[in-house]
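What follows is one structure encoded as structure tokens, with my remarks underneath.
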Amino acid sequence: MSDQRIAAHLSARIETWPVAGSFIIARGAKTHVDVVTVELDDGSCVGRGEGTAIYYHGETPQSVLDQVLAMDARLRDGMTRSDLLHLMPRGAARNALDCALWDVQAKRSGQTAWALAGLDAIAPRTTAFTISLGEPAKMETDARAAAPTYPLLKLKLAGDGDLDRVAAVRRGAPDARIIVDANESWTGRDVAAEAAALLPFGVELIEQPVKAGLDHLLDGIASPIPLCADESCQDSNDIARCAGRYDAVNIKLDKAGGLTEALRLAEAARAEELDLMVGCMLCTSLAVAPAMIVAQQARWVDLDGPLLLGADRDCPIAFDRGIAHPAQPALWG
């Protein structure tokens, strides 16, 4: 994977994109998402990237924008992606800039971004579709509506009442594959027993059962369903803590701070024989496009961010019956 030094003019802005209906998880509901869009102009081409603030890290759209704009002078002098890893902390700002640098390099070289990442080809991937947290009857209705189009459903859970929620979704979507995201809400519960109760409903993965930082609560736990670290695995430095406690890690470019670190994280996870999931924040197709490169290695893919919005960018990623297709170069790379 080559890493060119790129000197470019930086521009960035906050954009607001409406959610289709509302997106509800254990921590609250969202009716829109604010993303930070970055453009790097090297005089011959423009590279773009997008980041969504990670709210549980205290990031806001404005703080992400401020972090991005602080790199303006350095970018005019020239920067590599490796420089970026040392100059900025992980998070949405570094992600947006890192992906924009990938985009510039791809357009300069006339290659695709996935070819620059060392892939011989890039294939469509089946993505999960999220069923927002709600009362069981509402989740059953949502699952019934989604099932004809999306073969893989991801359910948001909250602790109390989760068994009823999963049972309701299974009634609404009897043939769908199901993964669940506990969003840390099983802290203090018997994780193995909670997982065993979901086993009859065909649940194949449980994300983040306990609070990040309390991963030791999983020591000695024999879950009958694989456990996946999300908030507990931000970048490659977290793999040592997750190994032996989780069976998989969820890689998100905003968490890792860009495609460059996400690829390093995937390599570190595989070295520990951890399965990969690739996810995203609420976002447009511009953020999902680079994540598709990492998704080529993943057992589970959850890149439905654009599907949860009321509108998307021009030249969006094509989604066809739950299958996400690689981005066109007109969108990214």
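Not measured: the values here are computed from a predicted model.
Remark: the backbone N or O of L227 is paired with a side-chain donor or acceptor of D247 at under 3.5 angstrom. T187 places a side-chain N or O within donor-acceptor distance of the main-chain N or O of K211, the cut-off being under 3.5 Å.
In terms of hydrophobic clustering, with Ile, Leu, Val, Met, Phe, Trp and Tyr side chains grouped at heavy-atom distances under 4.5 Å, I6 and L87 are assigned to a common cluster. In the hydrophobic clustering of this structure, I225 groups with V180; members are Ile, Leu, Val, Met, Phe, Trp, Tyr whose side-chain heavy atoms approach within less than 4.5 Å, directly or through other members. Using a 4.5 Å cut-off between side-chain heavy atoms of Ile, Leu, Val, Met, Phe, Trp and Tyr, with links allowed through other members, L276 and W114 fall into the same hydrophobic cluster. No continuous path of hydrophobic side-chain contacts links L153 to L205 [ILVMFWY only; heavy atoms under 4.5 Å]. At a threshold of 4.5 Å between side-chain heavy atoms, the hydrophobic network of Ile, Leu, Val, Met, Phe, Trp and Tyr places W300 and L199 in two separate groups.
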query = Can W186 and E184 be said to form a side-chain hydrogen bond (donor to acceptor under 3.5 Å, both in side chains), step by step?
reply = CA-CA 6 Å; W186 290 6; E184 305 179 303; over 6 Å; no

query = side-chain hydrogen bond (donor to acceptor under 3.5 Å, both in side chains) between N183 and S185: does it pass, once the steps are laid out?
reply = CA-CA 5 Å; N183 272 126; S185 66; over 6 Å; no

query = Hey, mind stepping through R90 and S236 against side-chain hydrogen bond (donor to acceptor under 3.5 Å, both in side chains) and telling me if it holds?
reply = CA-CA 11 Å; R90 66 192 183 194; S236 55; over 6 Å; no

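Considering every non-hydrogen atom in both L308 and V19, the closest pair reads O-CG1, 3.3 Å.
The side-chain hydrogen bond (donor to acceptor under 3.5 Å, both in side chains) test with T37 singles out one residue from R48, R13, E50, R313, and that residue is R313.
For the residue pair W332/S285, the side-chain donor-acceptor check at 3.5 Å is not satisfied.
Sparse packing is recorded around CG of D314, with 12 or fewer heavy atoms of other residues, nucleotides or ligands lying under 6.0 Å away.
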